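This structure is a prediction, so every number in the text was calculated from the model and none was measured. Order of the sequence lines fixes the chain letters, A, B, ..., with proteins taken first and strands second; residue numbering starts at 1 for each chain.
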There are 2 protein chains.
Amino acid sequence: MTALQAVNSQHAAALKARTAWMASQDGSEPLSTSGTVVQFAEGHEIFAEAEEPEAFFKVVSGVVRVCKFLSDGRRQIEAFHVAGEMFGLELGGERLLCAEAVSDCTLVSYRRRSIETLALKDEKITRQLFQYAMQNLANAQNHSLLLGRRGAAEKMASFLLSQAEHSADGRTVNLAMTRQDIADYLGLTIETVSRSLSQLERQGMIALSNTRELRLKKIEALEDLAA
Amino acid sequence: MTALQAVNSQHAAALKARTAWMASQDGSEPLSTSGTVVQFAEGHEIFAEAEEPEAFFKVVSGVVRVCKFLSDGRRQIEAFHVAGEMFGLELGGERLLCAEAVSDCTLVSYRRRSIETLALKDEKITRQLFQYAMQNLANAQNHSLLLGRRGAAEKMASFLLSQAEHSADGRTVNLAMTRQDIADYLGLTIETVSRSLSQLERQGMIALSNTRELRLKKIEALEDLAA
DNA sequence: CGCTTAATTGATCAGGGTCAATCGTGGTGG
DNA sequence: CCACCACGATTGACCCTGATCAATTAAGCG
């Protein structure tokens with residue numbers, strides 16, 4: 001049960017909704033006119049496992065976690081999604097994962113039905129969706145490598161480096177998630193996460209400003225660790 | 001280096017090639033006319049990491065492993081692909097994984113370029129490809145859950161059940177792969193794989209006929225383990 | 001200013017890794 | 001045909017990393 005205690009699962013509520021406005025990221029953004037902006041407060045559920053997938057989402061701001069549960073409550077976070085990333089794309093009649101807001105966040109929601117008809121008309125949309133699906137796949141596969149074949153410190157180093165990537169200067173990291181979230185993402189316990197961080201700090205590779213904010217001091221060394 | 005010693009990596013050779021003939025699996029098989037049959041001998045490489053992806057493949061017979069390597073030689077097998085499954089679908093300019101024949105196998109190869117033009121004309125092909133990509137994604141995500149949050153015996157039970165699924169009677173399993181392959185798929189060592197199997201046998205859940213063949217005796221119990 | 005929840009730290013334990021010996025099987029050559 | 005060899009698999013002994021249990025500290029929040 002210990003994995004469950006940190007998991008908020010109140011029901012989701014859309015706070016605002018209007019015609020989508022989206023920052024484009026690679027010039028073209030063919031989906032821009034068809035979505036709806038929705039917001040979720042920290043800890044709230046965006047969609048649940050086994051639900052019928054009616055829409056998928058793109059992150060505008062905030063962080064979303066996408067995860068699965070084992071029957072005994074153990075949780076595996078598959079991915080954290082940040083601004084610009086798409087999640088919740090599923091073909092079947094039932095969701096395989098659930099999604100929750102790690103922090104307050106703003107999303108654009110695309111109804112599955114309307115996208116499907118749109119995709120028939122515009123080949124660019126199809127390509128775009130494919131792109132997102134394949135990106136998710138690549139992430140999942142890297143995640144497997146991380147989970148299966150690395151020690152605790154290696155996992156942390158790897159995680160921190162990936163976090164630093166979507167950071168402004170590439171050195172300062174603002175963790176949106178709790179230690180429990182990190183643990184469930186890396187397949188570790190909260191204690192081991194904490195110890196790994198302390199250890200990296202003792203070795204001078206990182207500096208913790210406070211619980212949620214840190215700086216990477218020796219990127220080189222961290223990369224060696226992450227191998 | 002111990003992980004490397006079991007990895008064959010001779011170069012691939014196509015033995016036969018003619019216009020594709022394919023068994024249809026769900027009525028429609030829009031890709032059937034556009035592929036080329038190729039064969040690979042056990043242990044041979046189908047494509048390598050970092051190579052340019054020129055084609056993707058569908059398994060006709062045999063088993064294929066798809067995997068990644070860490071710089072020190074540790075290997076993570078992402079998936080085993082059997083008859084009917086598609087693999088090697090990638091968008092970028094560089095392959096993220098490599099693929100090797102676990103047993104002698106027959107594949108249908110689809111050239112990326114020709115499929116792309118075909119997909120433009122036939123919406124069914126696009127849909128089909130999407131389907132495969134999403135299936136791979138779902139598999140990868142289940143794999144993460146397996147790797148991150150389960151003990152050795154649980155992993156084995158889970159693996160055996162999944163193998164039994166593509167078996168005729170759902171109880172008899174013919175392992176196409178070595179213990180090393182299984183270990184690298186489950187994120188364990190060869191010894192732990194062996195011990196887990198012995199343990200499951202001692203508990204009467206399975207019966208090993210020989211190294212490569214076994215029967216599931218207590219599916220119920222195995223499912224409980226796999227949770 | 002307490003109260004609650006998150007995070008750190010320490011002590012101990014156990015699951016799985018490592019090292020090493022043995023077994024089994026299939027292939028080869030005398 | 002059988003002895004030998006090579007390689008994969010099994011088994012055992014021991015060790016180490018990370019989990020567990022428990023206590024303490026830090027940080028929000030009413």
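- A salt bridge between A/E100 and A/R65 is present, with a side-chain N of the basic residue lying under 4.0 Å from a carboxylate O of the acidic one.
- With rounding to whole Å, A/D184 atom CG is found 13 Å from C/dA6 atom P.
- Here the nucleotide nearest the side chain of B/I190, chosen from C/dA7, D/dT11, D/dA9, is D/dA9.
- Atom CD in A/E154 sits about 17 Å away from atom P in D/dC16, given to the nearest Å.
- Rounded to an integer number of Å, the gap from A/Q199 CD to C/dT9 P is 12 Å.
- Residues meeting the side-chain contact (heavy atoms from CB on, under 4.5 Å) test with A/E154, sequence neighbours left out: A/R150, A/L225, B/R74.
- Within 6.0 Å of the CZ atom in B/R111, the count of heavy atoms belonging to other residues, nucleotides or ligands does not exceed 12.
- Partners of A/I219 under the side-chain contact (heavy atoms from CB on, under 4.5 Å) rule, at least two apart in sequence or in another chain, are A/L161, A/R171, A/L216, A/E223.
- With hydrogens and angles ignored, a donor-acceptor pair closer than 3.5 Å exists between the side chain of A/E191 and the base of D/dC21.
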What does the list of N/O pairs under 3.5 Å between the protein and nucleotides 11-17 of chain C look like, with a distance for each?
{"residue": "C/dA11", "atom": "N6", "partner": "A/R195", "partner atom": "NH2", "Å": "3.4"}
{"residue": "C/dG16", "atom": "OP1", "partner": "B/A152", "partner atom": "N", "Å": "2.6"}
{"residue": "C/dG17", "atom": "OP2", "partner": "B/T189", "partner atom": "N", "Å": "3.4"}
{"residue": "C/dG17", "atom": "OP2", "partner": "B/T189", "partner atom": "OG1", "Å": "3.2"}
{"residue": "C/dG17", "atom": "OP2", "partner": "B/T192", "partner atom": "OG1", "Å": "2.4"}

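- Checked by atom type and distance alone, the side chain of B/Q141 never pairs as donor or acceptor with a backbone atom of A/E78 at under 3.5 Å.
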Which is it for B/N142 and A/K68 under the side-chain contact (heavy atoms from CB on, under 4.5 Å) test, yes or no, and what are the steps along the way?
CA-CA 9 Å; B/N142 283 325; A/K68 293 194 159 218; 2.5 Å; yes

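- Side-chain N or O atoms of B/R112 include one that pairs as donor or acceptor with a backbone N or O of B/L91 at under 3.5 Å.
- With axes fitted over five pairs at each extremity, the angle between the ends of the helix from C/dC1-D/dG30 to C/dG30-D/dC1 is 30° (10° resolution).
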Scan nucleotides 25-30 of chain D nucleotide by nucleotide, 5' to 3', and note B when protein non-hydrogen atoms come under 4.0 Å of the base, S if they reach only the sugar-phosphate, - if neither.
------

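- Atom CG in A/L208 sits roughly 10 Å away from atom C1' in C/dT8 (whole-Å rounding).
- If you take NE2 on A/H143 and OH on A/Y185, they are separated by 4.5 Å, rounding to the nearest 0.5 Å.
- Rounded to a whole Å, the CD1 atom of B/I206 is 13 Å from the C1' atom of D/dT10.
- The side-chain hydrogen bond (donor to acceptor under 3.5 Å, both in side chains) check on B/T192 picks up B/T189, with sequence neighbours excluded.
- Nucleotide D/dT10 holds its C1' atom 15 Å from the CD atom of B/Q180, rounded to whole Å.
- Rounded to whole Å, the distance from CG on B/D181 to C1' on D/dG8 is 12 Å.
- Not one N or O on the side chain of B/E45 forms a donor-acceptor pair closer than 3.5 Å with the backbone of B/C98.
- Atom CD of A/E201 is separated from atom C1' of C/dA7 by 13 Å (rounded to the nearest Å).
- Using modelled atom types, no side-chain atom of A/S109 and backbone atom of A/T36 make a donor-acceptor pair closer than 3.5 Å.
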